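Note that the coordinates shown come from a computational prediction; the quantities given were computed from them, not determined experimentally. A, B, ... follow the sequence lines: proteins, then strands. Residue 1 opens every chain.
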2 protein chains.
Amino acid sequence: MKNRLKVLRAERDWSQQDLATRLEVSRQSVNAIETGRYDPSLPLAFRIADVFGLAIEEIFLREE
Amino acid sequence: MKNRLKVLRAERDWSQQDLATRLEVSRQSVNAIETGRYDPSLPLAFRIADVFGLAIEEIFLREE
DNA sequence: TCTATATGTAAAGTATCATTGTCATAGGAG
DNA sequence: CTCCTATGACAATGATACTTTACATATAGA
């Protein structure tokens, strides 16, 4: 499951640590999700969507 | 994390087994998700959204 | 009553998510 | 060069997600 986290972070000039802090997860989790090593849980996906002010479908993509 | 699975199934007159078959998961998984014992993984949430033709946000609710 | 379908729950096992701790590399600033 | 930040990755551990098998209840129909 692909995602647009890296681009969305870049648009806001947030480091992985910045995003992790806003999500209240570890930096390693942000890195693992961003690099596609695993997908977030559904509740975390909702928090990610909230932090960026987007729908889950606008961040995570069905392809791949 | 609440969800509208029971209502959406009823609208389509699908049993838990019907939905499980469409999702390619066990009936017990559908039951567990529907009764709130656990949340689906993100990929499964996408499949659920696809099966109902809705957005994830229209099926799973932030409240609770 | 007997049978079939639908639903809820439990135990036990495997796979995935998320954590902490650690290491390594690259780039910029002093 | 040294220090700091950012990023990527791995191991070990605990928590969740999902599986199969199984048992229980309720309801509807012949």
- If each end axis of the helix from C/dT1-D/dA30 to C/dG30-D/dC1 is fitted on five C1' pair positions, the angle between them, to 10 degrees, is 30°
- Message: Assess the residue pair A/N3 and A/I48 against the criterion (side chain to side chain contact (heavy atoms under 4.5 Å, CB included)); give the C-alpha distance rounded to whole Å, side-chain angles, the decisive distance to 0.1 Å, and a yes or no.
- Response: CA-CA 11 Å; A/N3 69 74; A/I48 293 170; over 6 Å; no
- Message: Between A/S15 and A/D18, do the side chains contain a donor N or O and an acceptor N or O under 3.5 Å apart?
- Response: yes
- Message: Restricting to non-hydrogen atoms, name the atom on A/L61 and the atom on A/M1 that form the minimum distance, rounded to 0.1 Å.
- Response: O-CE, 3.6 Å
- Message: Looking at A/V51, is its backbone amide N or carbonyl O close enough to the side chain of A/R22 to form a donor-acceptor pair, meaning the two atoms are under 3.5 Å apart?
- Response: no
- Task: Walk me through it: do A/I56 and B/F60 pass the test side chain to side chain contact (heavy atoms under 4.5 Å, CB included)?
- Result: CA-CA 11 Å; A/I56 290 178; B/F60 297 94; over 6 Å; no
- Item | Side-chain heavy atoms of B/E57 within contact of B/R62, under 4.5 Å | yes
- Message: Name the residue from B/I33, B/V25, B/I59 that meets the side chain to side chain contact (heavy atoms under 4.5 Å, CB included) definition with B/P40.
- Response: B/I33
- Item | DNA chain D: 5'-most and 3'-most nucleotides touching chain B, 4.0 angstrom heavy-atom criterion | D/dA17 to D/dA22
- Numerically ordered, the residues 8-28 of chain A set in heavy-atom contact under 4.0 Å with DNA chain D is A/R9, A/S15, A/Q16, A/R27, A/Q28
- Proximity to DNA chain D (any heavy atom under 4.0 Å), residues of residues 38-46 of chain B only: B/Y38, B/D39, B/P40, B/S41, B/L44
- Please lay out, stage by stage, how B/L44 and A/L42 fare under the test side chain to side chain contact (heavy atoms under 4.5 Å, CB included). CA-CA 9 Å; B/L44 180 51; A/L42 186 60; over 6 Å; no
- 4.5 Å side-chain heavy-atom contact, B/S41 and A/D39: no
- Item | ring pair (Phe, Tyr, Trp, His ring centres under 6.0 Å) contacts in which one or both residues fall within residues 3-36 of chain B, not counting sequence neighbours | B/W14-B/F52
- Message: Need one value for A/S29: base, sugar-phosphate or nothing, where a base atom within 4.0 Å counts as base even if backbone is also close, heavy atoms only.
- Response: base
- Task: Look up atom CD in B/E24 and atom OG in B/S29, then write down how far apart they are to the nearest 0.5 Å.
- Result: 13.0 Å
- Item | Reference residue B/L19; test side chain to side chain contact (heavy atoms under 4.5 Å, CB included); the match among B/R9, B/R12, B/R27 | B/R9
- Item | For chain A, the stretch of DNA chain C it reaches, first to last nucleotide, under 4.0 Å of its heavy atoms | C/dC17 to C/dT22
- When every non-hydrogen atom of A/A55 is compared with those of A/A49, the smallest separation belongs to C-CB, 4.2 Å
- Query: Would one find more than 12 heavy atoms of other residues, nucleotides or ligands at under 6.0 Å from atom CD of A/E11?
  - Reply: yes
- Task: Go through A/N31 and A/R37 one step at a time and tell me if the side chain to side chain contact (heavy atoms under 4.5 Å, CB included) criterion holds.
- Result: CA-CA 9 Å; A/N31 180 270; A/R37 284 191 286 124; 3.4 Å; yes
